[in-house]
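Counting starts at 1 for both ligands and their atoms, following the listed order.
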Amino acid sequence: MGKGSGGHPVSGPSPVGGRLVTVTPHRTVALVGPAGSGKTALAAALTGGPPRLSGPLSWSTVTHAGTVLHLLDAPGDPFLAGPLLAGLHAADLVLVVLSAGADARTVQLWEQCEGRPRVVAVTGLDRPGSDFDETVALCRRLLGEQIHPLSLPLHGDGPDEAVQGVLDLLTQRLHDSSTGQRVERDPDPQHLPLVDSLRSELVEAVLSQAAVEALLDAYLDDDVVPDDLVELLHGAVAGGAVQPVLPVSPRAGVGLIELLDVLAASTRHEPPVVTAADGSPTEPISPAPDGPYIAQVLQVTQAGALVRVLSGTDQGAGPGEVCVVVPSPGQRPGDTLGGAGVVVQGWRVPEPQHPTGLAGPPATELVRRVETDLTARLSDDGQHVLWTLGPTHAAQLLDGLAVTTQPLQVVDDARTVLRVLVPDVYVRTVVSDLSGRQGTLVPPSGHGDAGHALGTGDGEDVQVLTFTLPNRELLTYAVVLAALTHGTGSFAPLGPEATPPSNASTPTPRRPPRAGPHSPEARQTGGADPQT
Ligand SMILES: Nc1nc2c(ncn2[C@@H]2O[C@H](COP(=O)(O)OP(=O)(O)OP(=O)(O)O)[C@@H](O)[C@H]2O)c(=O)[nH]1
Ligand SMILES: [Mg+2]
């Protein structure tokens, strides 16, 4: 991705209908992280109130240093990946929220954010046993060398380990909130040796951007520190040379201003990918407030459609900004609004693999919910079935509806071939679990890539396994695999095992085909779907 180019105007007046409209600088930030890591609490602390739109993907705004930040808060539950992927699609920058620690799920989320500037906020530092330095070291090992702490937490002396301030490594100033007021002062002498060594590493990383190599030489040779170090840091974050980690306490309100400073200053805008209505290449969108209205739907709920404006204005939102509009019938996430003949490219979504049997035809409201959820389907193959990413997703779709579910009965002994993607660390667990399910691993010659590492690059830590499972096991395997792999594994059925058919009295429910040509996944399939 290019840096600081194209995309959306960040400021300046522009004529609309004969009057000048000032486009306020703005950024869209997606908050992602494991379930319960503190994203929603942090968004509320940063904005000072509830979201402007609550939903699977919640939207709130805060203005900091003259920049409007649009925060998109997605749930961390791996079965609720739909809103997460919509939020990531719209984001200029990703704020990864971790509750002191990192695991395989963190790595998976991190990789899903690839290509965007990433900032890590560490919450939960007031909990017993939590350790900021250990979390930074773990992140560095799991996520990469670009990880650097930007500030250090200052804990109170009391037994509750409350975070009372942060020490900014670049400015070497301590922001102390222990008195209830945020006071800036010099760090205590005992902090200096630690500050010095961490600061040197950070400064070197900031100056290692290609554009400022001469500054790095001067720093290493003569210890010359450029005046605009903070500005250079923001450039390094935008370009991905530095992925900073900041301690925060949403409850105590500590570390929030430091975090907002980085979010407001260090993002880049990327132009959306567009095609002509027939799929042929076309000119990129010019993100002008006085241009034709073009927007993309991110989420549709009864509270409204959350859209991102790409050209023109809507509800006071200019290009690159988010707003809520009244949805038209049939509108789905990924749809282009307005458009002037262009179609904005959607995002990848995983296929629903978790079936829930329904006692009767789905209620109208359930049909509406499924139609506006790219990661859900309904099928009627002898029995009505709701297909979702997992039980929490099914529960969300059925919430508040008088729908009776019933167990799916599979009485045949047919088997299905599955292709499964599993991070290296979980391969042994997944394979040893197979024997209890009468699963059979297909040797590499059987389906080409069974048991093989996924080549080099991004996939080098992921294995592709191919195995067969009895169909009755398939009904719960989305949940089983998620539990075995902390939500990091995914699978797709390749088809029935080539054996003579049995006298099945009840067929195994089959997932319906992908939705029509207007859905983003129909244009851009894949994502977590290992078939692609
Ligand atoms: N002690 C402590 N609790 C926190 C901190 N940050 C958040 N919490 C609490 O942790 C719980 C989970 O926080 P949420 O903000 O709902 O977590 P989330 O990341 O939005 O969770 P999902 O939406 O389920 O992914 C809430 O009870 C918060 O009040 C923190 O720094 N310290
Ligand atoms: Mg939340």
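- Atom 29 (O) of ligand 1 has as its closest protein heavy atom Arg251 NH2, 3.6 Å.
- At a 3.5 angstrom cut-off on N or O pairs, Arg127 counts as close to ligand 1.
- Remark: atom 12 (C) of ligand 1 lies closer than 4.0 Å to at least one protein heavy atom.
- Distance check on atom 9 (C) of ligand 1: some protein heavy atom falls below the 4.0 Å cut-off.
- A salt bridge links Glu365 and Arg368; the closest N-O separation between the charged side-chain nitrogens and carboxylate oxygens is under 4.0 Å.
- For ligand 1, one of its N or O atoms has an N or O atom of Gly76 under 3.5 Å away.
- Looking only at protein heavy atoms, the nearest one to atom 14 (P) of ligand 1 is Gly38 CA, 3.8 Å.
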Under 3.5 Å, which donor-acceptor pairs link side chains of residues 77-86 to any protein atom two or more places apart or in another chain?
from	atom 1	to	atom 2	distance (Å)
Asp77	OD1	Phe79	N	2.7
Asp77	OD2	Thr392	OG1	2.7

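- In summary, the atoms of ligand 1 found under 4.0 Å from a heavy atom of Ser37, numbered by their order in the structure, are 17 (O), 18 (P), 19 (O).
- Formation of a donor-acceptor pair under 3.5 Å by the Arg27 side chain with backbone atoms of Ala264 is found in this model.
- Side-chain N/O atoms of Arg377 and Thr388 include no donor and acceptor closer than 3.5 Å.
- An N or O contact shorter than 3.5 Å is missing between Leu42 and ligand 1 by distance.
- Inspection of the environment of the Mg ion (ligand 2) yields the following protein N, O or S atoms under 2.8 Å: Thr40 OG1.
- For the residue pair Asp261 and His234, no side-chain donor N or O sits within less than 3.5 Å of a side-chain acceptor on the partner.
- Of the protein's non-hydrogen atoms, the one nearest atom 19 (O) of ligand 1 is Lys39 NZ, 2.7 Å.
- Inclusion of Pro250 in the set of residues having an N or O under 3.5 Å from an N or O of ligand 1 is not warranted.
- A salt bridge links Asp433 with Arg437: the closest approach of a Lys/Arg side-chain nitrogen to an acidic carboxylate oxygen falls below 4.0 angstrom.
- Just one of Val297, Leu306, Val309, Val307 meets the side-chain contact (heavy atoms from CB on, under 4.5 Å) condition when paired with Val325; it is Val307.
- At a 3.5 angstrom cut-off on N or O pairs, Thr123 does not count as close to ligand 1.
- With respect to atom 24 (O) of ligand 1, the closest heavy atom belonging to the protein is Gly36 N, 3.6 Å.
- A donor-acceptor contact shorter than 3.5 Å is absent between the side chain of Ser99 and the backbone of Gly124.
- Of the possible polar contacts, none joining the Lys39 side chain to the Val96 backbone as a donor-acceptor pair under 3.5 Å is found.
- For the 3.5 Å distance criterion, the side chains of Trp387 and His354 fail to qualify, holding no donor opposite an acceptor.
- By the 3.5 Å distance cut-off applied to N or O atoms, Asp73 is not counted among the residues near ligand 1.
- Scanning the protein for heavy atoms near atom 23 (O) of ligand 1, the closest one is Pro75 CA, 3.9 Å.
- Of the protein's heavy atoms, Gly124 N, 2.8 Å lies nearest to atom 31 (O) of ligand 1.
- Between Asp126 and ligand 1, at least one pair of N/O atoms sits closer than 3.5 Å.
- For atom 16 (O) of ligand 1, the closest non-hydrogen atom on the protein side is Thr40 CB, 4.1 Å.
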Can you give me every donor-acceptor pair (side chain of residues 40-58, partner residue at least two apart or in another chain, under 3.5 Å) with its distance?
from	atom 1	to	atom 2	distance (Å)
Thr40	OG1	Asp73	OD2	2.7
Thr47	OG1	Ala43	O	2.8
Thr47	OG1	Gly49	O	3.3
Arg52	NH1	Thr61	OG1	2.9
Ser58	OG	Gly55	N	3.2
Ser58	OG	Gly55	O	3.2

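- By the 3.5 Å distance cut-off applied to N or O atoms, Ala41 is counted among the residues near ligand 1.
- Relative orientation of the Phe491 and Tyr477 rings is perpendicular, given thresholds of 30° and 60° on the angle between their planes.
- The residues Arg118 and Asp92 are annotated as not salt-bridged, no charged nitrogen and carboxylate oxygen being separated by less than 4.0 angstrom.
- Ring orientation note: the planes of Tyr426 and His486 are tilted relative to one another, at an angle of 30° to 60°.
- Counting only residues at least two apart or in different chains, salt bridge (Lys or Arg N to Asp or Glu O under 4.0 Å) contacts with residues 164-176 comprise Arg173-Glu184, Arg173-Asp186, Asp176-Arg185.
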